[in-house]
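Because only heavy atoms are used, hydrogens play no part in the values below, and waters and symmetry mates are left out as well, while side chains stay in.
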Amino acid sequence: MQRSGGIVGNSGQPWVLRRVRLTWLSFMLFFILVFFPLIAHYYLTTIDEAGGPDKRIFGPRPGGELCEAKHVQDLCRIRESVSEELLQLEAKRQELNGEIARLNLRIEACKRSIDSAKQDLLQLKNVISQTEHSYKELMAQNQPKLSLPVRLLPDKDDPGYPPPKSAQNCRLHTCFDYARCPLTSGFPVYVYDIGSYPWGEKLDPLVKQAFASSVKSSVYVTDNPNIACLYIVLVGEIQESPSSPLASPLDLEKQLKALPYWRLDGHNHLLVHLSRKSLTQNFLYNVSTGRAAVAQSTFFERQYREGFDMVVSPLVHALSEPNFLEVPPQVPVKRKYLFTFQGEKVESLRSSLLEAPPQSFEEEMEGDPPADYDDRIIGTLKAVQDSHLDQVLVEFTCKNQPKPSLPTEWALCGEREDRLEVLKVSTFALVISPGDGQLVASAGCSMRLFEALEVGAVPVVLGDHSKLPYHHLIRWSEAVIMVPKPRIMELHFLLRSISDNDLLAMRRQGRFLWETYFSTSESIFSTILASVRTSIQIPAAPIREEPAQEIPHKAGKLAGTDANMADNGDLDLGPVEVEPPYASPRFLRNFTYTAADVYHTWNRAPGPFHLFPHTPLDPVLPSEAKFLGSGTGFRPIGGGSGGSGKEFQAALGGNVPREQFTVVMLTYEREEVLMNSLERLNGLPYLNKVVVVWNSPKPPSDDLLWPDIGLPIVVVHTEKNSLNNRFLPWDAVETEAILSIDDDAHLRHDEIMFGFRVWREARDRIVGFPGRFHAWDVNHQSWLYNSNYSCELSMVLTGAAFFHKYYAYLYSYVMPQAIRDMVDEYINCEDIAMNFLVSHITRKPPIKVTSRWTFRCPGCPQALSHDDSHFHERHKCINFFVKVYGYMPLLYTQFRVDSVLFKTRLPHDKTKCFKFI
């Protein structure tokens, strides 16, 4: 028990001690942590107060004394800077709030002003619209937009007219029914089927085939006889045979009257007799044709009705085109013989007429034949030959059997090929008219005339009583020398006195007449129709345009396609057209038909904008007055008023102040190059549209995006890959001005605009940038094509050139087909062919305008012109074209047009060239 109690007592005492110690320790810690800081604070405060304000160690200090400490000076400066910035920002914030309030007020005021301006603008638009409408009404009253007149056709029922008192008294105003041919009828012509009349099966097969081919190609022929103005019947040439003799005149009259549309008297009928031989049957002699006109090569005075019947040329090339390689050149002017004649006079009076009893040809001469000068002609010509003053060739007896001919007519000798060989070396060719004065026209004389014109021998017709083909429309004095037989003694002097220039002009005119009116069956038929149409004053039908088969394409905005990409050079080009594309007027005058038009149409040799009768361009294209009226001088502004450069750039000026042009671009499988070229046209002033001639058989890629230049881009599909497609008269081209440009040509806008301005002052010329010239190779006696830089040029390449759309018609429809065939053969020379054509028509050289000396785009794929054979082919082309034209039509020029408003970048080695400004 004690042990246990002792243990308890011993263990309780240490526990109490530990508790006392813990309490004491807690009290000491409380005292130290609470009372000691208070005591220390009191003591320190007492020390600072006893030491004075200058000896304070603890407590706040006045002013910025604390910042005098080195380690806090930077912090103080930062605090002060931030405070200042905060003050500035606050001031600025207050200022901006005030500005925002003021701007809100202004915005509200502007909104009210805009609403008011919109109302005013709407009113102004209405006023402008009304004014424009009134202006258009006034212009329509004074200057109506011209177009083709409404086509008027004759009535089906023909009233009929009494027959003339005498067939010899027939003239157009007495025997032709003008009521069936209104001025705006279009001149419909109905051609009888050859098999529908009895003598049709007797016609010469070649004549029938050639005639049928010509009828198919004519735009005037109609299948509806009820609307026809003219009815044509082919009556010859007939093949004679003993088994089928010709019908008597009385039977012929009955057969003619049996024609379904003869209408009793045959008015508005034309009986056509085409001769292929020198002796042709005049089986219409003594046949009463009533009011039907006759067109043939042989006429007697009693038979011929002046101003009604028609003397036509013989049909020599029935089914073939002339071979231009066999036609001799027009130069040199003087040939081996001064003049030649080969023929044999037919003394007998055997008649080729189907005489109507009881009268014969001899009886109709009434015993008073005209004086016969043939003996005097023979003697004089032999004397000239024997004098040896000039080399002449005259033969009055044929070596072989002479060709059959009419009485008193000089028969042809030898074959046609032999006669042509003699004429090729003859300066003049004599054509002696028949001794019978009553034989006013004969197939034999027409054959001699035709052959002389074909090979360039100037015809000399002895006998002023002869009627040459289409003499009432063609002024033969410009191509033929007409000498009365009594002046035979002065013939030699007359021929020797003709100058070389006059002789060359007559030769060129003769070549033109032969090509235009006599060379083929189509030209002969077209000339016959044109002669009748001109006589009754009906204008020609519009020439056809080439329909453009457009290829659909996607238009988009390619990368980099914007107005800033257009290379405008250093000049302001004037305002860009904001109105819709403006087409050139298709008709510049109302329906007019003057004698001057008729005269110039038929008698003008190739000259500025000649209108070919069998390719009637007059109704489609502007008149000559429009073409040549713009002047040939370079005038900066119209009306002769002059003007500053700024005014020059601000408007086109000139005589046609409102005009645009069309870009025609030929391309072949170079899509990237094409797209780049089209992009460069963006923003080009006065551009109407772009016609892309897609010359590849493959269509454009489906995913190809075409640039949007703000104007139409017409992609035309072509039937074949031909460089001639560049010059087709596409109906999509609605402007007179065409800029023909290659897809790799790189021209600045200022250069294009300057070229356009120059072209407008010389609308009948080719105006472009790259110049070339031709040269004569003395060693090889041939022409060469030269592309070296020179101060002289004779060609402007159409890879970058302006020309009139008129030349597109001439190139495609009038220029000899042999030239276009050679262009297709070599895939080359189309630009040379166009230069030949324009120089041949105008007798003027092209005009070169200043451009950079190299305008091809860098990095473009290689073009055809880089081929080694390119220049050799162009040499051949030039020589072939010279053979076709018969002479070298290209003309040299040192003229180049620069403008003082454009900066001329002239290489230092070209400074010796003359420059015309």
If only atom types and distance count, is the side chain of [X] paired as donor or acceptor with the main-chain N or O of [Y] below 3.5 Å?
{"X": "D309", "Y": "V294", "value": "yes"}
{"X": "S405", "Y": "W410", "value": "no"}
{"X": "K345", "Y": "P434", "value": "no"}
{"X": "T516", "Y": "L513", "value": "no"}
{"X": "S466", "Y": "S433", "value": "no"}
{"X": "T174", "Y": "C170", "value": "no"}

Between the side chains of [X] and [Y], is a donor N or O closer than 3.5 angstrom to an acceptor N or O?
{"X": "R448", "Y": "S442", "value": "no"}
{"X": "S531", "Y": "H472", "value": "yes"}
{"X": "E237", "Y": "S275", "value": "no"}
{"X": "D418", "Y": "Q342", "value": "no"}
{"X": "Q781", "Y": "D777", "value": "no"}

List the steps, then state whether side-chain contact (heavy atoms from CB on, under 4.5 Å) holds for F176 with I536.
-> CA-CA 9 Å; F176 193 86; I536 60 177; 3.8 Å; yes
Taking atom CZ of R487 as the centre, report whether more than 12 heavy atoms of other residues, nucleotides or ligands fall under 6.0 Å from it.
-> no
Please check if atom NZ in K883 has more than 12 non-hydrogen atoms from other residues, nucleotides or ligands closer than 6.0 Å.
-> no
Stepwise side-chain contact (heavy atoms from CB on, under 4.5 Å) test for F428 and Y337 | CA-CA 8 Å; F428 298 96; Y337 297 110; over 6 Å; no
Within a strict 4.5 Å, meaning less than it, do heavy atoms of the [X] and [Y] side chains meet?
{"X": "Q296", "Y": "V272", "result": "no"}
{"X": "Q330", "Y": "L504", "result": "yes"}
{"X": "L468", "Y": "I474", "result": "no"}
{"X": "C398", "Y": "K403", "result": "no"}
{"X": "I488", "Y": "V483", "result": "no"}
{"X": "T380", "Y": "L491", "result": "no"}
{"X": "Y807", "Y": "I766", "result": "no"}
{"X": "I524", "Y": "Y517", "result": "no"}

To the nearest 0.5 angstrom, please state how far the [atom1] atom of [X] sits from the [atom2] atom of [Y].
{"X": "T408", "Y": "D436", "atom1": "OG1", "atom2": "CG", "answer": "4.5 Å"}
{"X": "S278", "Y": "M447", "atom1": "OG", "atom2": "CE", "answer": "6.0 Å"}
{"X": "H774", "Y": "N835", "atom1": "NE2", "atom2": "CG", "answer": "11.0 Å"}
{"X": "S521", "Y": "L274", "atom1": "OG", "atom2": "CG", "answer": "9.0 Å"}
{"X": "S477", "Y": "M482", "atom1": "OG", "atom2": "CE", "answer": "9.5 Å"}
{"X": "L234", "Y": "D204", "atom1": "CG", "atom2": "CG", "answer": "10.0 Å"}

Minimum heavy-atom separation for [X] and [Y], please, with both atom names.
{"X": "A457", "Y": "S426", "answer": "CB-O, 3.6 Å"}
{"X": "V311", "Y": "A441", "answer": "CG1-CB, 4.0 Å"}
{"X": "L503", "Y": "I498", "answer": "N-CG2, 4.0 Å"}
{"X": "P889", "Y": "R843", "answer": "O-NH1, 2.9 Å"}
{"X": "L423", "Y": "R335", "answer": "O-NH1, 3.2 Å"}
{"X": "S446", "Y": "P314", "answer": "CB-CD, 3.5 Å"}

Parallel, tilted or perpendicular: ring planes of [X] versus [Y], cut at 30 and 60 degrees:
{"X": "H492", "Y": "F339", "answer": "perpendicular"}
{"X": "F525", "Y": "F211", "answer": "perpendicular"}
{"X": "F187", "Y": "Y220", "answer": "perpendicular"}
{"X": "Y806", "Y": "H804", "answer": "perpendicular"}
{"X": "Y887", "Y": "H840", "answer": "tilted"}
{"X": "H317", "Y": "F450", "answer": "tilted"}
{"X": "W783", "Y": "W776", "answer": "perpendicular"}

Worked check of side-chain hydrogen bond (donor to acceptor under 3.5 Å, both in side chains) between R507 and T427 | CA-CA 9 Å; R507 185 173 292 166; T427 306; 4.9 Å; no
For R419, the option from E415, R416, E417, E421 that meets side chain to side chain contact (heavy atoms under 4.5 Å, CB included) |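 Of all the options given, the one that passes is R416.
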I would like to know whether Y470 and W476 meet ring pair (Phe, Tyr, Trp, His ring centres under 6.0 Å); could you show each step before the answer?
-> CA-CA 9 Å; Y470 317 108; W476 282 101; 8.3 Å; no
CA sep, side-chain torsions, deciding dist, call: Q303, N286, side-chain hydrogen bond (donor to acceptor under 3.5 Å, both in side chains) = CA-CA 8 Å; Q303 178 189 13; N286 283 333; over 6 Å; no
Would L529 and I232 count as a side-chain contact (heavy atoms from CB on, under 4.5 Å) if you check the C-alpha gap in whole Å, the side-chain angles of each, and the deciding distance to 0.1 Å?
-> CA-CA 10 Å; L529 297 184; I232 293 182; 3.4 Å; yes
Given T520 and S523, is the side-chain hydrogen bond (donor to acceptor under 3.5 Å, both in side chains) satisfied, shown in steps?
-> CA-CA 5 Å; T520 63; S523 62; 3.2 Å; yes
Got a salt bridge between E306 and K467, using NZ or NE/NH1/NH2 to carboxylate O under 4.0 Å?
->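 Answer for the salt bridge query: yes.
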Basic-acidic side-chain contact under 4.0 Å: K485, D374 | yes
For T893 and S794, what are the C-alpha separation, side-chain angles and deciding distance, and is it a side-chain contact (heavy atoms from CB on, under 4.5 Å)?
-> CA-CA 6 Å; T893 181; S794 60; over 6 Å; no
